[in-house]
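What follows is one structure encoded as C-alpha cells, with my remarks underneath.
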Amino acid sequence: MTVASPCRGRAAGFALLALARARLALGWWSYVEELPNGKKVMRNGIHWLAVGHETPIRGSEEIRFGKDFEKADEAWTVEFCRKDSDGDGQTNGEELG
C-alpha cells in the first residue's frame, strides 16, 4: 500500500500559487507599459507600483484614474491623455508625459 505524501500536495499548491502570482504580476506590467512613465509614478514620495489603485500594491481598490484607464480599453488614448482623472487641474498627459 502506498501512502500519499502530504508534502507532494503542498508543493503542488505552492506551485499553483506561484503561477497565479506570476500571472498577476505580468498582467500588471503590461498595463504599466501602456502609460508614459508608468514605471516612474510617485505618490507622496512613494514609488507607486499599482498606478490607478488606492495603494501602491496591485489588487487594492481602483481610483478614478484606474477606472478611466479601463474605460479607455486600457490604452493611452488621446481622450484619456486629455482627461483630468484626479481632478487636480492637470490632465493625465501633463502628469505622466
Side-chain angles (χ1 to χ4, degrees):
M1 179 171 145
T2 304
V3 178
S5 168
C7 293
R8 186 175 293 162
R10 244 182 241 163
F14 285 128
L16 287 173
L17 180 61
L19 180 62
R21 286 180 180 223
R23 285 186 57 144
L24 285 173
L26 291 173
W28 171 77
W29 276 110
S30 67
Y31 294 137
V32 171
E33 298 275 330
E34 294 294 324
L35 304 172
N37 300 307
K39 293 180 183 177
K40 299 178 182 177
V41 173
M42 301 287 285
R43 186 172 169 192
N44 299 323
I46 299 170
H47 185 217
W48 214 257
L49 301 174
V51 180
H53 290 266
E54 186 62 39
T55 69
I57 301 168
R58 187 174 180 267
S60 63
E61 186 175 338
E62 280 185 321
I63 57 176
R64 181 83 260 153
F65 179 89
K67 292 174 183 175
D68 289 345
F69 183 63
E70 193 173 323
K71 286 180 185 174
D73 293 325
E74 298 164 346
W76 187 257
T77 64
V78 172
E79 182 181 344
F80 181 66
C81 178
R82 292 180 177 161
K83 193 172 193 77
D84 177 15
S85 293
D86 60 5
D88 66 354
Q90 292 185 313
T91 66
N92 296 332
E94 290 171 321
E95 292 189 63
L96 291 175

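Residue numbers count from 1 along this sequence.
In plain terms, the two heavy atoms of V32 and G38 that are nearest each other are CG1-C, 3.3 Å.
Judged by distance alone, with hydrogens and angles left aside, the side-chain atoms of D68 form no donor-acceptor pair with the main-chain N or O of A72 at under 3.5 Å. Checked by atom type and distance alone, the side chain of W76 never pairs as donor or acceptor with a backbone atom of G93 at under 3.5 Å.
Side-chain contact between E61 and H53 is absent, with no heavy atoms from C-beta onward closer than 4.5 Å. Side-chain contact check for F65 versus V41: every heavy-atom pair is 4.5 Å or farther apart.
One finds the CZ atom of F80 at 10.5 Å from the OG1 atom of T91 (value rounded to the nearest 0.5 Å). Rounding to the nearest 0.5 angstrom, the gap separating the NZ atom in K39 from the NE2 atom in H47 is 9.5 Å. A distance of 9.0 Å separates CG in D86 from CZ in R43, rounded to the nearest 0.5 Å. Here NZ of K71 is found 4.5 Å from CZ of R64. Values are rounded to the nearest 0.5 Å. Separation of atoms CD (E95) and CG (L35) is listed at 12.0 Å; rounding is to 0.5 Å.
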* Starting from the C-alpha separation in whole Å, work towards a yes-or-no answer on side chain to side chain contact (heavy atoms under 4.5 Å, CB included) for E54 and E62. => CA-CA 6 Å; E54 186 62 39; E62 280 185 321; over 6 Å; no
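Residues V78 and L96 do not share a hydrophobic cluster, clusters being chains of Ile/Leu/Val/Met/Phe/Trp/Tyr side chains in contact below 4.5 Å. M42 and F69 fall into different hydrophobic clusters, where Ile, Leu, Val, Met, Phe, Trp and Tyr residues are linked whenever their side-chain heavy atoms come under 4.5 Å apart, directly or through other members.
Heavy atoms from other residues, nucleotides or ligands lying under 6.0 Å from CG of D88 number more than 12. The environment of NZ in K67 is crowded: more than 12 heavy-atom neighbours from other residues, nucleotides or ligands sit within 6.0 Å.
Applying the salt bridge (Lys or Arg N to Asp or Glu O under 4.0 Å) criterion to R82, with sequence neighbours excluded, gives no partner residue.
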